[in-house]
Structures are given as C-alpha cells and as structure tokens.
Amino acid sequence: MMNKDSFRDRVYKLVTRIPKGKVSTYGDIAKALGNVRLSRAVGVALKLNPKPIEVPCHRVVKSNGELGGYSYGGLDMKKRLLKAEGIEISGNKIKNFEKVRYKF
DNA sequence: GCCATGGCTAGTA
DNA sequence: GCCATGGCTAGTA
C-alpha cells in the first residue's frame with residue numbers, strides 16, 4: 001500500500017521540476033498544491049528541506065521578485081547559486097522576473 | 001490540544 | 001491573516 005506523500009514531499013517534488021535558469025515562487029507552488037494560502041507553509045517546508053542539493057530550493061523566490069530567504073549559507077549563497085545558473089539579480093530582486101519565471 | 005514560529009501573499013489605506 | 005510543523009503542557013487512565 002502506497003501511503004500518500006506528505007505536504008512537504010509534495011512541495012519538494014514540485015521544486016525539483018524547476019529547471020536551471022528558471023525560478024518559481026512560494027505562492028505558485030502553493031497554487032500548484034491547490035491553494036495560494038499554503039504559501040507560507042511552503043516557505044516553512046523549504047526551510048526544513050533535508051536535501052538542498054537534490055531539491056533546488058534556491059530557485060524559489062517571493063511573488064514580487066525579491067529573493068526571499070535561504071537557510072543554507074544565507075542570502076549571499078542563494079544569490080550566488082542563482083547567478084551561477086544565469087539568473088540576473090540587482091540588489092535583492094530578480095531581473096526580468098516574469099521572463100525567468102517557470103510555470104507549472 | 002495549544003501556542004509560537006516562520007524562506008509568504010493579496011488587498012487595503 | 002494563512003497554515004504546516006514541532007515542542008510542550010494539561011489532564012485522563
């Protein structure tokens with residue numbers, strides 16, 4: 001009997017689908033899970049991400065294009081990872097946000 | 001069960 | 001204001 005994935009597992013699964021060079025938002029993931037109101041819980045789930053390598057949570061940012069948080073190495077690390085993937089950032093915001101925003 | 005804690009968000013003021 | 005988590009407390013048995 002296959003037990004259902006927990007909320008966190010479903011979050012991780014979605015995040016895994018975001019391709020390199022693209023970003024998504026906490027809210028978009030929440031919507032993909034059924035309700036935008038889950039967005040805050042999505043943030044919490046990502047903070048608890050046990051595998052930051054496999055689950056690229058650095059590709060998840062705020063709905064207004066700001067970076068949001070990052071528990072592994074802090075914001076500088078998040079910024080560096082994104083830049084290394086070709087995402088342009090100015091200050092604390094993603095440039096061409098809509099253009100690099102991945103749609104599920 | 002209750003309560004605090006967040007990597008948040010849409011919609012007022 | 002929302003809602004999944006995690007830690008902790010009554011208050012039963």
Side-chain angles (χ1 to χ4, degrees):
Chain A
M1 189 44 187
M2 177 85 166
N3 34 356
K4 254 186 181 172
D5 282 346
S6 68
F7 174 76
R8 285 170 55 187
D9 289 332
R10 286 184 292 152
V11 171
Y12 301 150
K13 220 168 255 186
L14 282 170
V15 171
T16 303
R17 288 170 43 189
I18 308 169
K20 195 195 287 187
K22 294 276 186 181
V23 298
S24 185
T25 73
Y26 302 99
D28 286 348
I29 291 169
K31 282 179 207 157
L33 290 176
N35 195 327
V36 68
R37 285 185 292 180
L38 293 167
S39 55
R40 191 142 197 187
V42 168
V44 174
L46 289 186
K47 183 175 68 161
L48 302 178
N49 177 12
K51 306 173 175 176
I53 309 294
E54 297 178 39
V55 181
C57 51
H58 61 279
R59 294 182 191 145
V60 184
V61 301
K62 295 216 229 172
S63 65
N64 63 2
E66 291 182 335
L67 285 184
Y70 196 63
S71 304
Y72 305 91
L75 276 187
D76 284 342
M77 175 66 94
K78 186 169 190 171
K79 227 181 263 190
R80 248 188 300 137
L81 289 171
L82 287 173
K83 282 182 177 168
E85 298 182 347
I87 302 286
E88 297 191 275
I89 300 172
S90 114
N92 228 33
K93 280 199 138 190
I94 305 280
K95 285 179 159 184
N96 310 307
F97 182 43
E98 286 310 321
K99 193 164 181 181
V100 297
R101 186 173 187 171
Y102 177 69
K103 313 286 184 191
F104 287 106

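Every chain is numbered from 1, with letters handed out A, B, ... down the list of sequences.
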Separation between CD1 of A/I87 and NZ of A/K79, rounded to the nearest 0.5 Å = 14.0 Å
CZ on A/F97 to CD on A/E66, rounded to 0.5 Å | 10.0 Å
Which is true for [X] with a 4.0 Å heavy-atom rule: it touches a base, it touches only sugar-phosphate, or it touches nothing?
{"X": "A/L46", "answer": "base"}
{"X": "A/V60", "answer": "base"}
{"X": "A/K47", "answer": "base"}
{"X": "A/F7", "answer": "sugar-phosphate"}

When the distance from [atom1] of [X] to [atom2] of [N] is rounded to whole Å, what number comes out?
{"X": "A/L33", "N": "C/dC2", "atom1": "CG", "atom2": "P", "answer": "19 Å"}
{"X": "A/K31", "N": "C/dC3", "atom1": "NZ", "atom2": "P", "answer": "16 Å"}
{"X": "A/M77", "N": "B/dG7", "atom1": "CE", "atom2": "C1'", "answer": "15 Å"}
{"X": "A/R37", "N": "B/dG11", "atom1": "CZ", "atom2": "P", "answer": "12 Å"}
{"X": "A/L48", "N": "B/dC8", "atom1": "CG", "atom2": "P", "answer": "13 Å"}
{"X": "A/K62", "N": "B/dG6", "atom1": "NZ", "atom2": "P", "answer": "15 Å"}
{"X": "A/L81", "N": "B/dG7", "atom1": "CG", "atom2": "C1'", "answer": "14 Å"}

Return yes if the base of B/dG7 and the side-chain atoms of A/Y26 contain a donor-acceptor N/O pair under 3.5 Å, otherwise no.
-> yes
Using only heavy-atom distances, decide whether a donor-acceptor pair under 3.5 angstrom links the side-chain of A/R40 to the base of B/dG7.
-> no
State whether the side chain of A/K22 and the backbone N or O of A/R59 hold a donor-acceptor pair below 3.5 Å, judged by distance alone.
-> no
Is the backbone N or O of A/S24 less than 3.5 Å from a side-chain atom of A/K103, with the two atoms forming a donor-acceptor pair by type?
-> no
If only side-chain N and O atoms of A/R8 are considered, is one of them under 4.0 Å from the OP1 or OP2 phosphate oxygen of C/dG6?
-> yes
Quick one: is B/dT9 close enough that its OP1 or OP2 comes under 4.0 Å of any side-chain N or O from A/S63?
-> yes
